[in-house]
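For reference, the structure is listed below as structure tokens.
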There are 2 protein chains.
Amino acid sequence: MTMAEHRATHAANGRRRGPSMADVAREAGVSGQTVSRVSNGRDNVDPETRDRVLEAMRSLGYRPNSAARALRSGRFHSIGVIMFTLSSFGNMRTLDAIAVAAADAGYSINLIPVPHPTQGEVSVAFDRLSEEAVDGVIIIIEAHLLDESDVVLPPELPVVVVDSTAGDRYPVVDTDQAHGARLATEHLLSLDHRTVWHVAGPERSYSATHRREAWEATLRAHGAEVPPVLVGDWSSESGHELGLRLARDPSVTAIFAANDQMALGVLRAMHETGRAVPGEVSVVGFDDMEESRSFWPPLTTVRQFFDEVGRRSVEALIGEVESGSVATSTLVATELVVRCSTAPPA
Amino acid sequence: MTMAEHRATHAANGRRRGPSMADVAREAGVSGQTVSRVSNGRDNVDPETRDRVLEAMRSLGYRPNSAARALRSGRFHSIGVIMFTLSSFGNMRTLDAIAVAAADAGYSINLIPVPHPTQGEVSVAFDRLSEEAVDGVIIIIEAHLLDESDVVLPPELPVVVVDSTAGDRYPVVDTDQAHGARLATEHLLSLDHRTVWHVAGPERSYSATHRREAWEATLRAHGAEVPPVLVGDWSSESGHELGLRLARDPSVTAIFAANDQMALGVLRAMHETGRAVPGEVSVVGFDDMEESRSFWPPLTTVRQFFDEVGRRSVEALIGEVESGSVATSTLVATELVVRCSTAPPA
DNA sequence: GGGTTGCATGTTCACGTCAACATGCGATGC
DNA sequence: GCATCGCATGTTGACGTGAACATGCAACCC
């Protein structure tokens, strides 16, 4: 039976199913089991038989049915990724890396969005998740939502948490936020700024909290005064707003923003108020997003290795899925990228 | 049997399977079919029976097995999304919208990355795809790769193409690139610029081509001279490079960049060479990414409605999946957002 | 009151795959 | 020459679900 005939047959009876192992077996004159063996690349098949089967597969346009495979084996070769809006630079880059790493390992990615980070929504996402065909989950949302909600992840489901903390319930892969924040703060102090102001991310974000705490600790360690924190929401808008506040205070000479977007907003505020960067005010960001080298002035920032985070989280998860070994949490280093937005105070 | 006991049982014999319909049926004292009916929300079940079944499901921690369901029904309730790197602002926003729209419709998203846009890679992605458990596919890659390669998408698989063209093989959901480019160009001309230079996206991108063609057509329609095109690669780096070239030419007073990132690079080039924006040179972007309002100066740009694109493509695809009707192609409008990077020539 | 209708529920079986076990056959050992 | 082994291949059944069909029972009609 040719592929065209096959499809015609199926079109006729209204089903859209592709050819099955049985069809291939018939075409090749072997048993279904032999087709299965060829399909799974086992070596205990006579080369000649294998060729015949492969030829039959090709001519019929056979594709293994992943649902049947999953049903039989109990494994889906799929990883669920739960995340808020992708609209954060870091999340996006991390997801990208996860997708690539997963594909390399033969896993597909099942994206589960949580449009609004409320407990209700998280709950819904998790409920949905439990019906999803995934072998494990990578969570890229603020974990406090896990702590507080009575949401239950399906037990026995391997989980890796990214860029957050999760008590010690799950392994965590995170950027070394504290290290990055220390690098940024020390860089500014080493330029002889008396102290460093901080435009932080939202209160409930762990990344934001870690960066802020490390900034504060670094200032204290160097005997510098700790100015009040300005809290933003990661957006350049909020950076702009807080930047305007800082611009009014002539004693401010060094600002560490918790991400590049807010740093961009701060830069805009400085331009608007005529305060020279880096002449009067130095600014450091966090993330090293692709665009930050084109900001004006090009932004000194802390580079995160999102690819590494994605890669490691997939690695950890698949390890857990395949060998049952629960991974340990790991930190990914950061590095300071000095560009043109920092200089000694006037 | 309680949930704990149930899991203990399974742990003991080494299987990690959850309880099945049969377990629930036994617990509730009904047949499997009745459980199935409750599970699928059919209304022909006695309320009392339904409650008993729901209670049994809860106590056992029952979750429908999606693999078995898919095997039986031939439907996966899953949409495959094929895309290059997420690292483009537009792709990311579109994906986000797709994910949300799909979730609302009860579909999950299967992300299939194509790290390198070569034919070989595309081929691999498609091969992989054919084993994936998806009911349809949304393709967000430059479609010429489809045209040229001998890659075969599984026949009968519904496909929607986003932000590209696809001959008339598949329905296309696209932003009205031409309209946007015309808005941008006319805005600059209306400010009395003699002509408008264009920093285009890569040759092989359809979006880039459409924008460029519309820019050129608009200039011609207004009797303006058409200057040579500068071709970038969407990155702010390339915008910077080409911007430096443009900055050297004093006759350049208006620049339309094919995306915001390249516009950012152009802005940087102007700052570096001391050419005032918008005093000496006006710059318009395309996309209206979240950050562009915080560029210096805040960027005049063409807003794309990525959410709408994502929503419509999901709608079109699901329509095709569920009713078999092939959708028609649609265009999503754009709008000009005037900020501070444009002004009449000096 | 016999037949019909409507509704809740049960029984059977097939979806496509693959593990486990079975078969068959040539080669090898003593 | 007979037992044994290795290897390619075949047969059977189960994974969990839900469509199709079957059953059983109460209400209703003329």
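Lettering of chains follows the sequences in order, A, B, ..., and the numbering in each one begins at 1.
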| query | Is there a donor and acceptor pair, one atom on the side chain of Arg72(B) and one on the base of dG16(C), closer than 3.5 Å? | reply |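 For Arg72(B), whose side chain was compared with the base of dG16(C), there is no donor-acceptor pair (under 3.5 Å).
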| field | Within-4.5 Å side-chain heavy-atom neighbours: Val161(A) and Val159(A) | value |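 They are in side-chain contact.
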| Rounded to the nearest 0.5 Å, how far apart are OH of Tyr62(A) and CG of Asp23(A)? |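 Nearest 0.5 Å value for the OH-CG distance: 9.5 Å.
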| query | Out of curiosity, Leu111(A) CG to Leu111(B) CG, how far, rounded to the nearest 0.5 Å? | reply |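 Nearest 0.5 Å value for the CG-CG distance: 6.5 Å.
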[X] and [Y]: side-chain donor and acceptor closer than 3.5 Å?
X	Y	answer
Arg72(B)	Asn65(B)	no
Arg63(A)	Ser20(A)	no
Arg69(B)	Ser39(B)	yes

| task | Specify the closest pair of heavy atoms between Ser78(A) and Asn110(A), including all atoms of both residues, with the distance to one decimal. | result |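 The answer is OG-CB, 3.9 Å.
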Among [options], the nucleotide that comes nearest once only the side chain of [X] is considered:
X	options	result
Ser20(B)	dG16(C), dG10(D), dT17(D)	dT17(D)
Asn44(B)	dA20(D), dT17(D), dT9(C)	dT9(C)
Met21(A)	dT9(C), dT17(C), dT9(D)	dT17(C)
Pro64(B)	dG10(C), dT17(D), dG10(D)	dT17(D)
Gln33(A)	dT17(D), dT17(C), dT11(D)	dT11(D)
Asp46(A)	dT17(D), dT11(D), dA8(D)	dA8(D)

What's the [atom1]-[atom2] distance between [X] and [N], to the nearest Å?
X	N	atom1	atom2	value
Asn65(A)	dC15(D)	CG	C1'	13 Å
Arg26(B)	dG16(D)	CZ	P	11 Å
Arg75(B)	dG16(C)	CZ	P	16 Å
Leu71(A)	dG16(D)	CG	P	7 Å

| End-to-end axis angle, where each axis spans five pairs of the helix from dG1(C)-dC30(D) to dC30(C)-dG1(D), to 10° |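 Here the local axes at opposite ends form an angle of 40°.
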| message | Using modelled atom types and a 3.5 Å cut-off, is there a donor and acceptor pairing between side-chain atoms of Asp46(B) and backbone atoms of Glu48(B)? | response |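 Such a contact is found between Asp46(B) side chain and Glu48(B) backbone.
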Expected list for residues 313-329 of chain A: side-chain donor-acceptor pairs under 3.5 angstrom, two or more places apart:
from	atom 1	to	atom 2	distance (Å)
Ser313(A)	OG	Val309(A)	O	3.0
Ser313(A)	OG	Gly310(A)	O	2.9
Glu315(A)	OE2	Arg311(A)	NH1	3.1
Glu322(A)	OE2	Tyr107(A)	OH	2.8
Ser323(A)	OG	Gly319(A)	O	2.7
Ser323(A)	OG	Ser325(A)	N	3.4
Ser323(A)	OG	Ser325(A)	OG	2.9
Ser329(A)	OG	Val172(A)	N	2.9

| request: Within residues 48-55 of chain A, find the residues that approach DNA chain D with a heavy atom at under 4.0 Å, and present them sorted by residue number. | output: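 Here the set is Thr49(A).
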| field | Along DNA chain D (nearest heavy atom to each residue), the more 5'-positioned of Val35(B) and Asp43(A) | value |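 Its nucleotide being nearer the 5' end, the pick is Asp43(A).
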OP1 or OP2 of [N] under 4.0 Å from side-chain N/O of [X]:
X	N	answer
Asn40(B)	dG18(D)	yes
Arg42(B)	dA19(D)	yes
Ser36(B)	dA19(D)	no

| task | With sequence neighbours excluded, give me every salt bridge (Lys or Arg N to Asp or Glu O under 4.0 Å) pair touching residues 94-114 of chain B. | result |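 Matches after skipping sequence neighbours: none remain.
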| request: Show the numbers, then the answer: is there a side-chain contact (heavy atoms from CB on, under 4.5 Å) between Met57(B) and Val38(B)? | output: CA-CA 10 Å; Met57(B) 285 180 174; Val38(B) 172; 4.2 Å; yes
| field | Arg37(A) vs Val30(B), nearer the 5' end of DNA chain C by closest nucleotide | value |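 It is Val30(B) whose nearest nucleotide is closer to the 5' end.
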| request: Return the set of residues passing salt bridge (Lys or Arg N to Asp or Glu O under 4.0 Å) with Asp307(B) (not counting sequence neighbours), or none when no residue passes. | output: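 Only Arg93(B) meet the salt bridge (Lys or Arg N to Asp or Glu O under 4.0 Å) criterion with Asp307(B).
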| note | Counting primed atoms, P, OP1 and OP2 as sugar-phosphate and everything else as base, the B/S/- map of nucleotides 22-28 of chain D against protein heavy atoms under 4.0 Å is -------
